[in-house]
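Small disclaimer: the values here were computed from a predicted structure and weren't measured. Chain letters run A, B, ... following the sequence lines, proteins first, then strands; residues in each count from 1.
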There are 2 protein chains.
Amino acid sequence: MNNHEKYTRYSGAQSVTEALKFLEGRWKLLILFQLFGGQIMRFSELERAIPGITQKMLGQQLKQLEKDGIIKRTAYPEVPPRVEYSLTQWGQDLCPALDALLTWTGKRPR
Amino acid sequence: MNNHEKYTRYSGAQSVTEALKFLEGRWKLLILFQLFGGQIMRFSELERAIPGITQKMLGQQLKQLEKDGIIKRTAYPEVPPRVEYSLTQWGQDLCPALDALLTWTGKRPR
DNA sequence: CAGGATCCGAAAAGATACTG
DNA sequence: CAGTATCTTTTCGGATCCTG
C-alpha cells in the first residue's frame with residue numbers, strides 16, 4: 001500500500017469516528033428513531049415514548065443533538081411552556097447510513 | 001402513525017443500537033480501518049500504526065472484535081510468537097455502512 | 001410542562017509494570 | 001513479541017429534588 005492509501009484509510013477512520021461520536025451513548029438513536037419520518041414531538045412525548053429514559057438523560061441528549069445540528073428545537077412562549085423537537089435536514093440525511101448498518105447487522109453469521 | 005410503524009421504528013433503533021455496540025469505543029474503528037482491504041497485520045504493527053493506543057486497549061479491543069466475529073486472529077507457534085489479524089467476511093461487509101456514514105459526515109453543514 | 005442542579009455508583013479508559 | 005495484571009482517573013448513567 002502506498003502513502004496515499006494509508007492516509008485515506010486513516011482519515012476515513014477519523015471521520016467515521018467523529019460521526020459515531022454524534023450518535024454514541026445509550027439514548028441518542030432511540031430519540032432519533034422517534035423523530036424519523038418528519039415527526040415532531042414534545043419533550044413529554046419523547047419521555048413517554050422511550051421506556052426507561054430519565055428527564056436528565058433526555059434533556060442532556062436533546063441538547064447535544066441540537067448543538068450538533070441533528071435536531072431542531074422550537075420553543076413556544078406559552079404558559080405552560082411547549083417545546084417541539086424535529087430532525088434537521090442533516091438529521092434526515094442519517095437515514096441511509098443507519099439502513100446500511102441495519103443491513104450489516106442482518107448479515108451477521110450465527 | 002399506527003402501531004406497526006411504531007414497532008418497526010423501535011425495533012430498527014434496537015438493531016442499529018446493537019450494531020453500534022460492536023463498533024463503539026475510541027479504538028475499534030481505527031483498528032478496523034487498518035485492516036480494510038484485506039490487510040493482515042501483527043499486534044505490534046497495529047500498535048505502531050495507531051497513535052496513542054496502549055497495549056491494554058489494543059489487546060482488549062482485538063479480543064472483543066474477534067469474539068464478535070469481525071476480525072480473525074491467527075497465532076503461529078513460533079519463538080518469538082507471531083500473531084496476525086485480519087477481517088472476517090462479515091468484517092469486510094461493514095465497508096458500505098462506514099461509507100454511508102462517511103457520506104453523512106461529509107454533508108454536515110458548517 | 002420542560003427542564004436544571006446535585007450527588008452517587010458503575011463502567012470505561014489510561015498509566016504502568018510484569019510475563020511466557 | 002504479544003500480551004496480562006493492577007491501579008488510578010475519567011466518563012456515564014441513574015436517582016432525587018428544585019424551578020420559571
Side-chain angles (χ1 to χ4, degrees), chain A residues 13-14 16-35 39-68 70-87, chain B residues 13-14 16-35 39-68 70-87:
Chain A
Q14 294 300 76
V16 177
T17 299
E18 191 192 356
L20 287 191
K21 279 180 58 177
F22 294 130
L23 308 176
E24 117 191 320
R26 191 175 154 187
W27 302 110
K28 284 189 187 149
L29 285 176
L30 294 172
I31 295 170
L32 292 181
F33 267 82
Q34 295 296 326
L35 300 175
Q39 303 302 326
I40 298 174
M41 292 181 78
R42 303 181 55 168
F43 190 92
S44 54
E45 282 184 288
L46 287 167
E47 196 182 344
R48 277 190 302 274
I50 302 172
I53 199 169
T54 62
Q55 288 187 322
K56 172 190 168 181
M57 294 313 293
L58 181 55
Q60 212 172 75
Q61 306 302 303
L62 285 172
K63 191 178 289 182
Q64 283 187 38
L65 288 168
E66 186 201 1
K67 171 170 155 285
D68 291 338
I70 298 172
I71 66 174
K72 185 159 59 76
R73 177 185 188 274
T74 311
Y76 299 89
E78 305 171 356
V79 180
R82 179 163 60 101
V83 180
E84 292 182 344
Y85 294 92
S86 59
L87 292 178
Chain B
Q14 295 298 78
V16 176
T17 299
E18 191 193 357
L20 288 188
K21 278 181 58 177
F22 294 129
L23 308 175
E24 118 190 316
R26 191 175 153 188
W27 302 111
K28 285 189 187 150
L29 285 176
L30 295 172
I31 295 170
L32 292 180
F33 266 82
Q34 295 297 327
L35 300 175
Q39 302 303 326
I40 298 174
M41 292 181 78
R42 302 180 56 167
F43 189 92
S44 54
E45 283 185 287
L46 287 167
E47 195 181 345
R48 276 191 303 273
I50 303 172
I53 198 168
T54 61
Q55 290 187 319
K56 174 189 167 183
M57 293 312 292
L58 181 55
Q60 211 171 77
Q61 306 302 305
L62 285 171
K63 192 178 289 184
Q64 282 186 39
L65 287 168
E66 188 201 358
K67 172 170 154 286
D68 290 338
I70 298 173
I71 66 174
K72 183 159 61 78
R73 178 185 186 274
T74 311
Y76 298 90
E78 303 170 357
V79 180
R82 180 164 59 100
V83 180
E84 293 181 344
Y85 293 93
S86 60
L87 292 178

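Closest contact between the side chain of B:Arg73 and the listed nucleotides D:dA2, C:dG3, D:dG13 involves D:dA2. Closest to the side chain of A:Pro80, from the set D:dT4, D:dC1, C:dC1, is C:dC1. Checking D:dG13, C:dC1, D:dG3 against every side-chain atom of A:Ser44, the shortest atom distance belongs to C:dC1. Here D:dC1 is the nucleotide among D:dT4, D:dC1, C:dG3 with the atom lying nearest to any side-chain atom of B:Arg42.
In this structure, the CD atom of A:Gln61 is 15 Å from the C1' atom of C:dG3, given to the nearest Å. At whole-Å resolution of the value, CD1 in A:Ile53 and P in D:dG13 are 10 Å apart. Here the P atom of nucleotide D:dA2 and the CD atom of B:Glu84 are 9 Å apart, to the nearest Å. For the pair B:Tyr76 OH and D:dA2 P, the computed distance is 12 Å after rounding to whole Å. Distance, A:Leu46 CG to C:dG3 P: 10 Å, rounded to whole Å. D:dA15 atom P lies 11 Å from atom CE of A:Met57, rounded to whole Å. The separation between B:Glu66 atom CD and D:dG3 atom P is 9 Å, rounded to whole Å. D:dA2 atom P lies 18 Å from atom CD of B:Gln60, rounded to whole Å.
In this structure the side chain of B:Glu24 never reaches within 4.5 angstrom of the side chain of A:Leu20, judged on heavy atoms.
Look at A:Arg82 and you won't find any side-chain N or O under 4.0 angstrom from OP1 or OP2 of C:dG3.
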Do B:Leu35 and B:Ser86 pass the side chain to side chain contact (heavy atoms under 4.5 Å, CB included) test, and can you show the C-alpha distance, the side-chain angles, and the key distance before you say yes or no? CA-CA 6 Å; B:Leu35 300 175; B:Ser86 60; 5.5 Å; no

Give the table of side-chain donor-acceptor pairs shorter than 3.5 Å for residues 52-62 of chain B, with sequence neighbours excluded, one pair per line with atom names and distance.
residue	atom	partner	partner atom	Å
B:Thr54	OG1	B:Met57	N	3.2

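Judged purely by distance below 3.5 Å, without hydrogens or angles, the side chains of A:Glu84 and A:Tyr76 pair a donor atom with an acceptor atom.
The CD atom of A:Gln39 sits 9.5 Å away from the CD atom of A:Glu45 when rounded to the nearest 0.5 Å.
Closest approach of A:Lys28 and A:Leu23 over heavy atoms only: CB-O, 3.8 Å.
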I need a per-nucleotide contact map over nucleotides 15-20 of chain C, read 5' to 3'. Cutoff is protein heavy atoms under 4.0 Å; write B for the base, S for backbone only, - otherwise. B----B

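Here B:Tyr85 lies in heavy-atom contact (under 4.0 Å) with sugar-phosphate atoms only.
Remark: B:Arg42 engages no residue in a side-chain hydrogen bond (donor to acceptor under 3.5 Å, both in side chains) (not counting sequence neighbours).
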